[in-house]
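Notes follow once the structure below has been shown.
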Amino acid sequence: MASYLIRGGRHLRGDVTVSGSKNAALGILAAAIICDGPCTIDNVPQVSDTMAMIDIISDIGAICKLEGNRLEIDPRGIQDARVVSERARDIRASYYLLGALLARLSSSDIFLPGGCNFGVRPIDLHLKGFEAMGASCNISHGRIRLDAKQLHGANIFLDKVSVGATINLMIAAAKAPGRTVIENAAREPHIVDVANFLNTMGARIRGAGTDMIRIDGVSSMPGRRSYSIIPDQIEAGTFMIAAAVTRGDVCVHNLIPKHMEPLSAKLKEMGAVVEEGGDFIRVYIPEGRHLSSTNFITMPYPGFPTDLQPQAVVLLCHAEGLSRMQENVWTSRFQYVEDLKLMGANIDVAERTCLITGPAQLTGSLVQARDLRAGAAMVLAGLSAQDETEIYDIFRLERGYENLVEKLTSIGANIRRSDISTLEVERNLK
């Protein structure tokens, strides 16, 4: 059981480059299997979630060749709609194969998806949409099976804004005869990226990035094109916050400033300096300036992203006064707060709101990466704390951050990965 060991107190300084979007990559990898020919995908992040998805689609017959961050996929060998790889249990995004296999083979059969545990994450919106398009659904023994004699276009209204359902239905509809309209669609950048990929490969999708997406089904999608995945919005935000909590000066490259506006606005409000360029953002705290308290509310895009909520709470721990974080997307995303309290944070949680009184002098402790983004929050806390912090269960953190240790080390962090954690040593001694 590996862990990260961090000795905090250093001001991070320098330049760091963001990898491709993990969330976009997962949707695009699934979407690639509905193509009628091979395609090339650039800027694929080498994180455990994307590696798992590549393994899964390889297991069902796709030929995948990964060299660095470039992936060539030839899906023409996919003949089986049944996904048996156990890795499908581990990642939430395996559910995108429901729509992709339904579009390719008129049926799909996968494990119920896994992923981080921070609240109820039903897939009923996905299934209602598939049924509206002509598919039948059966759930039994931990598996979901969809069958359709002929998918067709449909008008679909999502009762709740859902990123996963929007992407899944968009993939399925790309080759379904007729027009599909998805209303109350999610608008996140990676939804636009999946739509742009599909259009590059021959689909006809309009409106991605708005609350109404129109898909005119095509009979074939030749593929045989190259596409580059957008930068990871959440990784970029994590580095921006790292600059602020360590009172450093970091220039984050290979990002889209427009995607970062909800965070950039809050950093400026708190007293940080945020300088934007065409594809970079520099964040620093002027000498002698204190961060001021503020309030955050997580909302679907273009609101403040829930995937930056834990990291932002660490930021608020360093602000003077009382701050509030209100979580409007997931029901149980404050589980990591107990770990921050171990480090000296002054936080009170009431249902979906936490109150943070700062500034806190964080001290190192043994803490857990309870989910992907909570793990990133623990890293930020460790970087800004006195003494040494050890973070265990980092397999969750490594689901979404490529070369995190190397990137942080390059801007001055004292962080290393240990293959044996203190917790494991203690267990062996017992």
Side-chain angles (χ1 to χ4, degrees), residues 4-12 118-119 237-238 240-248 262-263 265-272 283 285-286 288-298 304-393 397 413-415:
Y4 287 159
L5 301 174
I6 303 171
R7 185 159 293 277
R10 294 191 175 192
H11 304 295
L12 302 187
F118 41 69
T238 302
M240 290 168 65
I241 294 173
V245 299
T246 64
R247 301 191 66 84
L263 174 60
K266 284 297 181 180
L267 284 169
K268 292 175 184 177
E269 182 182 329
M270 295 176 71
V283 178
I285 311 294
R289 182 179 297 181
H290 299 288
L291 292 173
S292 57
S293 59
T294 190
N295 298 324
F296 285 76
I297 300 175
T298 67
F304 190 83
T306 182
D307 278 359
L308 280 176
Q309 180 254 94
Q311 301 93 308
V313 167
V314 177
L315 175 65
L316 295 176
C317 288
H318 294 277
E320 291 191 337
L322 180 65
S323 299
R324 173 178 295 149
M325 174 63 77
Q326 183 175 329
E327 173 57 57
N328 279 353
V329 179
W330 299 115
T331 56
S332 302
R333 201 155 197 179
F334 290 126
Q335 299 171 54
Y336 65 90
V337 165
E338 293 306 312
D339 293 287
L340 287 180
K341 287 182 176 180
L342 284 176
M343 300 180 72
N346 186 352
I347 305 177
D348 294 304
V349 177
E351 296 182 349
R352 291 193 177 196
T353 302
C354 73
L355 301 176
I356 306 101
T357 303
Q361 179 54 67
L362 301 181
T363 55
S365 184
L366 177 65
V367 294
Q368 182 182 15
R370 295 178 183 267
D371 62 60
L372 169 54
R373 307 307 175 183
M378 293 304 106
V379 170
L380 294 176
L383 291 171
S384 61
Q386 293 181 339
D387 302 321
E388 187 171 81
T389 296
E390 180 174 347
I391 307 168
Y392 64 95
D393 284 347
L397 178 58
N414 186 341
I415 177 173

Before you tell me yes or no, could you show the steps for L322 and S293 under side-chain contact (heavy atoms from CB on, under 4.5 Å), namely the whole-Å CA-CA distance, both residues' side-chain angles and the distance that decides it to 0.1 Å? CA-CA 6 Å; L322 180 65; S293 59; 5.7 Å; no
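- Contact of the R373 side chain with the Q309 side chain is not registered, since no non-hydrogen atoms from C-beta on lie closer than 4.5 Å.
- Judged by distance alone, with hydrogens and angles left aside, the side-chain atoms of D387 form no donor-acceptor pair with the main-chain N or O of T363 at under 3.5 Å.
- Between atom CD of residue E320 and atom OG of residue S323 there is a gap of 10.5 Å, rounded to the nearest 0.5 Å.
- Rounding to the nearest 0.5 Å gives a distance of 5.5 Å between CG of L315 and CZ of F296.
- E327 contributes a side-chain N or O that, together with a main-chain N or O of V329, makes up a donor-acceptor pair within less than 3.5 Å.
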Hey, mind stepping through L308 and L263 against side-chain contact (heavy atoms from CB on, under 4.5 Å) and telling me if it holds? CA-CA 9 Å; L308 280 176; L263 174 60; 4.1 Å; yes
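- Scanning both residues, G344 and A360, for their nearest heavy atoms gives O-CB, 3.8 Å.
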Check the pair T294 / E269 against side chain to side chain donor-acceptor pair (under 3.5 Å), numbers first and verdict last. CA-CA 8 Å; T294 190; E269 182 182 329; 2.3 Å; yes
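- Inspection of the Q368 and D339 side chains reveals no N or O donor paired with an N or O acceptor under 3.5 Å.
- The CZ atom of R370 lies 14.5 Å from the CG atom of L397; values are rounded to the nearest 0.5 Å.
- Side-chain contact between I347 and V313 is present, with heavy atoms from C-beta onward closer than 4.5 Å.
- Annotation: ring pair (Phe, Tyr, Trp, His ring centres under 6.0 Å) contacts of Y4 (sequence neighbours excluded): none.
- In this structure, E338 contributes its side chain and F334 its backbone to no donor-acceptor pair below 3.5 Å.
- Side-chain atoms of L383 and R10, non-hydrogen and from C-beta on, never get closer than 4.5 Å to each other.
- Counting heavy atoms from C-beta outward, N414 and E388 have side chains that stay 4.5 Å or more apart.
- In this structure, P262 and P305 approach most closely via the heavy-atom pair CB-CD, 4.4 Å.
- Under the 3.5 Å distance criterion, the side-chain polar atoms of R289 are matched with a main-chain donor or acceptor of G271.
- In this structure, CZ on R7 lies 9.0 Å from OG1 on T389, to the nearest 0.5 angstrom.
- Not counting sequence neighbours, Y336 has no partner by the ring pair (Phe, Tyr, Trp, His ring centres under 6.0 Å) test.
- Only one option out of I241, L340, T238 pairs with V314 in a side-chain contact (heavy atoms from CB on, under 4.5 Å); it is L340.
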side-chain contact (heavy atoms from CB on, under 4.5 Å) between L362 and H318, intermediate numbers included: CA-CA 9 Å; L362 301 181; H318 294 277; 3.9 Å; yes
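- With contacts defined as side-chain heavy-atom distances shorter than 4.5 Å, the pair R324/L316 does not qualify.
- Looking at every heavy atom in both residues, A242 comes nearest to L12 through CB-CD1, 4.0 Å.
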As a quick check of understanding, evaluate side-chain contact (heavy atoms from CB on, under 4.5 Å) for I297 and F304, giving each step before the final call. CA-CA 7 Å; I297 300 175; F304 190 83; over 6 Å; no
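- Closest approach of M343 to G382, counting heavy atoms only: CE-N, 3.9 Å.
- Residues A272 and V283 come closest through the heavy atom pair CB-CG1, 4.4 Å.
- The distance from the CE atom of M325 to the OG1 atom of T306 is 9.0 Å, given to the nearest 0.5 Å.
- Panel note: side chain K341, backbone D348; no donor-acceptor pair is recorded below 3.5 Å.
- Contact detail for L342 and S365: the closest heavy-atom pair is CB-OG, 3.9 Å.
- Here the straight-line distance linking atom CE of M378 with atom CD of Q311 works out to 9.5 Å at 0.5 Å rounding.
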